[in-house]
Amino acid sequence: MTNHHYYHITLFTAILLVIIAIVLALSCGRIYYSPTIIIQTLFHPQNNPAAANIIFNLRLPRIISALLIGAGLAMAGCSFQSVFHNPLVSPDILGVSYGSAVGAASAILLGYGIGLTQLFAFVCGIIAVSLTLLIAHTLHQRGTLILVLAGIVISGFMQALVGLLKYIADPDSQLQSIVYWQLGSLAKVDFSSIIAVLPFLIIGTLILFVLRWHMTILSLGDQQARLEGINVGMEQLLIITASTFLTAATVCLSGNIGWIGLVIPHVARLLVGDNTKETLPLAAVIGALFLLIVDTMARSLSAGEIPLSILTGFIGAPLFVYILIKKKVQLN
């Protein structure tokens with residue numbers, strides 16, 4: 001079997017698993033519906049209004065958002081790791097996650113609803129990345145190292161702002177909302193919030209898919225990329241911008257969800273190799289599958305909903321250790 005055929009079989013298998021997971025996610029919850037009832041309700045909702053209400057208004061928006069967020073974070077992580085030549089880079093490297101947290105916490109303190117909270121989170125995430133890029137530009141330094149250092153500075157500053165906002169928040173109501181948002185949840189996602197961020201997700205995804213052929217070359221270093229005729233500065237900026245759009249859009253939907261952007265690209269590389277042309281689409285599918293499974297567990301394992309970052313941490317950390325051990329064994 002050729003590598004090309006193996007890649008297509010792996011991608012097809014992952015997509016098939018996503019379809020199975022969607023059916024199971026529609027079935028599972030505090031009220032269980034058999035797959036037969038799910039299929040009947042999807043095609044004839046008028047026959048079972050109670051099931052239709054739960055499926056269409058509660059479970060389906062969560063499933064769609066979990067797929068979009070998981071895919072977006074995985075693609076952003078895969079792209080950042082290629083551009084920064086660093087397998088330990090995650091999507092929040094430029095400060096977008098903590099910037100979004102500042103926006104969301106500010107909206108919660110001002111008493112705004114979920115729509116404005118998401119808008120504040122998205123705008124502040126973009127502002128944080130803009131500040132990171134501004135620092136790098138002001139220092140007249142090019143290259144990925146200065147961007148990473150600027151991102152660390154902005155992340156630290158935004159983290160301090162989040163701490164201040166948590167300190168002045170009402171401990172009986174606002175503080176709990178801020179902490180819960182930081183840990184990630186899809187409980188308040190609806191179709192209107194998905195539609196609001198969909199353009200940014202589509203634009204970011206299209207840019208990354210168009211440029212994924214060049215990401216493998218960019219991961220080899222700037223000098224090699226220039227020898228191949230690639231405009232390194234322009235393409236790096238495009239990839240960083242697209243990945244930031246994906247990260248900011250997903251964070252404003254669900255809050256901060258850790259590990260997906262770090263671990264899933266490694267899983268994809270473990271399966272099909274380091275060619276980003278193949279790794280990026282597979283990472284998107286596996287990321288969507290992973291978060292869908294985690295969100296289904298979050299709303300099904302206990303009476304109260306478990307924050308997503310808790311589950312992704314418990315699953316992602318051991319998985320990442322396994323990947324590191326596996327790769328070390330292969331190198332030997």
Side-chain angles (χ1 to χ4, degrees), residues 9-35 37-39 42 54-56 58-78 90-91 180 183-190 194 201 205 246-247 249-251 253-272 279-323 326:
I9 290 172
T10 304
L11 185 62
F12 176 78
T13 303
I15 292 171
L16 188 62
L17 289 173
V18 169
I19 295 171
I20 295 170
I22 290 172
V23 176
L24 292 175
L26 286 170
S27 300
C28 295
R30 294 175 190 174
I31 301 175
Y32 173 78
Y33 294 111
S34 68
I37 293 175
I38 293 295
I39 293 170
L42 288 175
I54 291 174
I55 290 169
F56 286 104
L58 297 178
R59 294 183 184 174
L60 202 55
R62 291 189 67 145
I63 289 169
I64 293 172
S65 58
L67 294 173
L68 293 174
I69 292 166
L73 289 175
M75 286 189 292
C78 188
S90 59
Y180 194 74
L183 291 174
S185 172
L186 298 177
K188 296 181 180 179
V189 172
D190 55 20
I194 294 173
L201 293 172
T205 300
L246 287 177
T247 306
T250 57
V251 169
L253 266 183
S254 61
N256 293 327
I257 302 176
W259 292 97
I260 294 176
L262 176 63
V263 175
I264 299 302
H266 287 279
V267 175
R269 290 190 196 99
L270 204 62
L271 292 172
V272 297
T279 304
L280 189 78
L282 183 61
V285 177
I286 296 174
L289 174 64
F290 178 75
L291 188 56
L292 179 56
I293 293 171
V294 167
D295 183 57
T296 305
M297 293 169 60
R299 60 183 173 83
S300 303
L301 289 178
S302 66
E305 188 164 320
I306 304 171
L308 294 176
S309 279
I310 293 176
L311 289 177
T312 56
F314 278 126
I315 299 170
L319 183 60
F320 193 54
V321 171
Y322 168 78
I323 291 169
K326 182 83 171 174

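FYI, side chains are in, hydrogens and waters are out, and symmetry mates aren't considered; it's all heavy atoms of this structure. Not measured: the values here are computed from a predicted model.
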Which residues satisfy the side chain to side chain contact (heavy atoms under 4.5 Å, CB included) test with Ser254, sequence neighbours excluded? Ile69, Leu186, Ile257

Run the side chain to side chain contact (heavy atoms under 4.5 Å, CB included) test against Ala288 and tell me which residues pass, sequence neighbours left out. Leu67, Ala71

Suppose we screen for ring pair (Phe, Tyr, Trp, His ring centres under 6.0 Å). Which residues come up paired with Phe314, at least two apart in sequence or across chains? none

For Arg59, all residues meeting side-chain hydrogen bond (donor to acceptor under 3.5 Å, both in side chains), sequence neighbours excluded: none

The criterion is side-chain hydrogen bond (donor to acceptor under 3.5 Å, both in side chains); which residues satisfy it with Thr296, sequence neighbours excluded? none

State, yes or no, whether a side-chain contact exists between [X] and [Y] at a heavy-atom distance under 4.5 Å.
X: Leu201; Y: Leu246; result: yes
X: Ile264; Y: Trp259; result: no
X: Leu68; Y: Thr250; result: no
X: Thr205; Y: Met75; result: yes
X: Leu271; Y: Ile286; result: yes
X: Thr312; Y: Ser309; result: yes
X: Ile315; Y: Phe290; result: yes

Are there more than 12 heavy atoms of other residues, nucleotides or ligands under 6.0 Å from atom CZ of Phe56? yes

Scan residues 302-319 for pairs that pass salt bridge (Lys or Arg N to Asp or Glu O under 4.0 Å), counting only residues two or more places apart or in two chains. Arg62-Glu305

Note: Pro265 and Ala74 closest approach over all heavy atoms is CG-O, 3.7 Å

Can I get a per-line list of side-chain donor-acceptor pairs under 3.5 Å for residues 10-26, giving both atom names and the distance, sequence neighbours left out?
| from | atom 1 | to | atom 2 | distance (Å) |
| --- | --- | --- | --- | --- |
| Thr10 | OG1 | Tyr6 | O | 2.8 |
| Thr13 | OG1 | Ile9 | O | 2.7 |

